[in-house]
Enquirer: 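Sharing a structure, written as structure tokens. Questions coming.
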Amino acid sequence: MRIATFAGGGILLVFACAFPLLFSDPTVTTIAVFTLIFAVATSGWNILAGYTGYVALGHAAYFGLGAYALAILCQDWHIAGGYAPFLLVPLAGLIAALIAIPLGWIALRVRRHTFVVITIAMFFIIQLLAYNLSWLTKGSTGLSLPIPLDWGGDFFNIPFYYVTLALLLLTLTVSWGVRHSKYGLGLLAIRDDEDRALGLGVKTGISKLLAFALAALIVGMAGAIWAYFVEAVYPATAFDPLFDIAIALMAFLGGLGTITGPLLGALILEPTQQYFALAYGQNGYYLIVYGALFLVVILLLPQGIVPSLQARWSRFQAMRAQERDRTMSRVSHRSTAGEDGSPEVETKEGANL
């Protein structure tokens, strides 16, 4: 099973690397870049929501902070378009994470629905600050980012695609490392029973805060790449409440708390959303589809696709093991009867006729 998993992952990685070469249409590669950006953000958000059980609906704030941080850095340091802004993406994510630490310290003092409400409130506060701190953010006018003039035609999307793909691989590696570490075991203990985890010696406060900041770091880097890709940031687009709904829906669809679930959810939903936005964006029909899909996922797939498939595979393996045990038992019974010289008697369920 493990060999098949690694083989499947290798095949998917090769396909992902060759995707821009196989499908060079700018529309397709644009959708691919947005899909990878949301896959990064959802996988990062899953480290907090999936592993600790603290479902935050305000990480669009850190997505926007990463976007604005990169725009301000490029503007103040006079960074020209090209590959140089990509080198500032980790710094933009770090700025978002540093801002997230005091906010997370406040929000994580409460749990469940209160925590969700506080994260939403913090998001709108930061969005309002982006409108009102015009000396820094230029208000509703927004900020522009350097345009890579040398990247013309079909090549424009290629650097963004591969940089975002590399960030996604790094995010999945970090998610896997956290999930299989002692620290990750503590996060899962918090998700299952925080009070009991505290009693067992888990440092719940610092563990939750670190997960909160790590998620903000990854989401902030995704926001920085997004800002450079769209070439301009505005408070309404960088701090979009639909972003939180999107990453939550992607994580729930694929499987919250798993490694591949958020990735699968992003690969399914983001291309679908982009298609509906292109085809019916003026009417807003895609928002109706989004809401209906969210209800379907919550009602019919509460565990997500990956956990549901894992549960069915486990039941299938259990049934095969039971059938194998029955077969071995029958063979052993017949072999024992033959050695004793007694006639073999076939046992059937039901009445003996």
Side-chain angles (χ1 to χ4, degrees), residues 16 19-20 24 26-45 59-100 126-127 130 136-171 215-240 242-243 246-247 266 270 273-274 277:
F19 184 86
S24 58
T27 302
V28 176
T29 54
T30 298
I31 294 176
V33 172
F34 281 122
T35 301
L36 291 176
I37 290 174
F38 272 87
V40 170
T42 307
S43 298
W45 180 80
H59 268 60
Y62 310 113
F63 185 85
L65 285 171
Y68 267 95
L70 182 66
I72 294 172
L73 289 174
C74 290
Q75 177 180 275
D76 292 348
W77 292 355
H78 306 288
I79 303 297
Y83 294 98
F86 288 131
L87 300 177
L88 299 177
V89 167
L91 180 57
L94 182 61
I95 292 173
L98 291 176
I99 297 176
I126 294 177
Q127 186 190 56
L136 180 65
T137 64
K138 299 296 187 293
S140 58
T141 305
L143 295 173
S144 60
L145 284 95
I147 301 175
L149 299 176
D150 296 337
W151 300 351
D154 297 343
F155 180 77
F156 183 86
N157 294 337
I158 303 301
F160 291 97
Y161 179 89
Y162 284 111
V163 169
T164 313
L165 178 61
L167 180 58
L168 175 60
L169 294 176
L170 177 62
T171 302
L217 169 67
I218 296 173
V219 173
M221 287 193 291
I225 294 178
W226 170 86
Y228 186 32
F229 185 59
V230 300
E231 300 174 356
V233 289
Y234 305 94
T237 56
F239 300 97
D240 187 358
L242 290 178
F243 172 83
I247 61 175
E270 183 57 21
Q273 188 269 339
Q274 289 290 333

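Keep in mind it's a predicted model, so treat the numbers as computed, not measured.
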Enquirer: Using every non-hydrogen atom in the two residues, find where A222 and V40 come nearest and quote the distance to one decimal.
Expert: CB-CG1, 4.0 Å
Enquirer: Please test L167 against L36 for side chain to side chain contact (heavy atoms under 4.5 Å, CB included), starting from the C-alpha separation and ending with a verdict.
Expert: CA-CA 9 Å; L167 180 58; L36 291 176; over 6 Å; no
Enquirer: Taking only residues two or more places apart in sequence or in another chain, which ones pass side-chain hydrogen bond (donor to acceptor under 3.5 Å, both in side chains) with N157?
Expert: T29, T30
Enquirer: Sub-3.5 Å donor-acceptor pair from the side chain of T35 to the main-chain atoms of I31, do we have one?
Expert: yes
Enquirer: What's the separation between atom CZ in F38 and atom CD in Q273, rounded to the nearest 0.5 Å?
Expert: 6.5 Å
Enquirer: Show the nearest heavy-atom pair for residues V89 and M221, with the distance to one decimal.
Expert: O-CG, 3.5 Å
Enquirer: Between CG of L88 and CG of L94, what distance do you get to the nearest 0.5 Å?
Expert: 12.0 Å
Enquirer: Ignoring hydrogens, what is the shortest heavy-atom contact between Y234 and S140? Give both atom names and the distance.
Expert: CD2-O, 3.6 Å
Enquirer: Would a 4.5 Å heavy-atom cut-off, applied to side chains only, mark P159 and W151 as touching?
Expert: yes
Enquirer: Return the set of residues passing side chain to side chain contact (heavy atoms under 4.5 Å, CB included) with I126 (not counting sequence neighbours), or none when no residue passes.
Expert: A61, L65, L103, F239
Enquirer: Within a strict 4.5 Å, meaning less than it, do heavy atoms of the P148 and Y83 side chains meet?
Expert: no
Enquirer: Do side-chain atoms of T42 reach the backbone of A39 as a donor and acceptor pair under 3.5 angstrom?
Expert: no
Enquirer: Which residues pass the side chain to side chain contact (heavy atoms under 4.5 Å, CB included) test with A84, not counting sequence neighbours?
Expert: I79
Enquirer: Can you list everything that forms a side-chain hydrogen bond (donor to acceptor under 3.5 Å, both in side chains) with Q274? Sequence neighbours excluded, please.
Expert: E270
Enquirer: Determine whether Y161 and F229 satisfy the following criterion, side chain to side chain contact (heavy atoms under 4.5 Å, CB included), listing intermediate values before the conclusion.
Expert: CA-CA 10 Å; Y161 179 89; F229 185 59; over 6 Å; no
Enquirer: Please enumerate all residues that pass ring-ring contact (aromatic ring centres under 6.0 Å, His included) together with F86, with sequence neighbours excluded.
Expert: F160, Y228
Enquirer: Closest approach of I158 and P20, non-hydrogen atoms and distance?
Expert: CD1-CB, 3.5 Å
Enquirer: Looking only at heavy atoms, which two atoms of G44 and A215 are closest? And how far apart?
Expert: O-CB, 3.3 Å
Enquirer: Please examine the side chains of L73 and I95, heavy atoms only from C-beta on, and report whether any two atoms are closer than 4.5 Å.
Expert: yes
Enquirer: So do I218 and W45 actually touch side chain to side chain, heavy atoms under 4.5 Å?
Expert: no
Enquirer: Got a sec, which residues hit ring-ring contact (aromatic ring centres under 6.0 Å, His included) with F63, two or more places apart in sequence or on another chain?
Expert: W226, F243
Enquirer: For residues L168 and S43, report the shortest heavy-atom separation together with the two atoms involved.
Expert: CD1-OG, 4.4 Å
Enquirer: A100: which residues meet the side chain to side chain contact (heavy atoms under 4.5 Å, CB included) condition with it, sequence neighbours left out?
Expert: Y62, F212, A216
Enquirer: Do P235 and T137 have side-chain heavy atoms sitting under 4.5 Å apart?
Expert: no
Enquirer: What distance separates I225 CD1 from I37 CD1, expressed to the nearest 0.5 Å?
Expert: 6.5 Å
Enquirer: Considering only heavy atoms from C-beta outward, does the side chain of L70 approach that of C74 to under 4.5 Å?
Expert: yes
Enquirer: Can you name the residues that form a side chain to side chain contact (heavy atoms under 4.5 Å, CB included) with L143, not counting sequence neighbours?
Expert: Y68, A71, I72, Q75, K138, V233
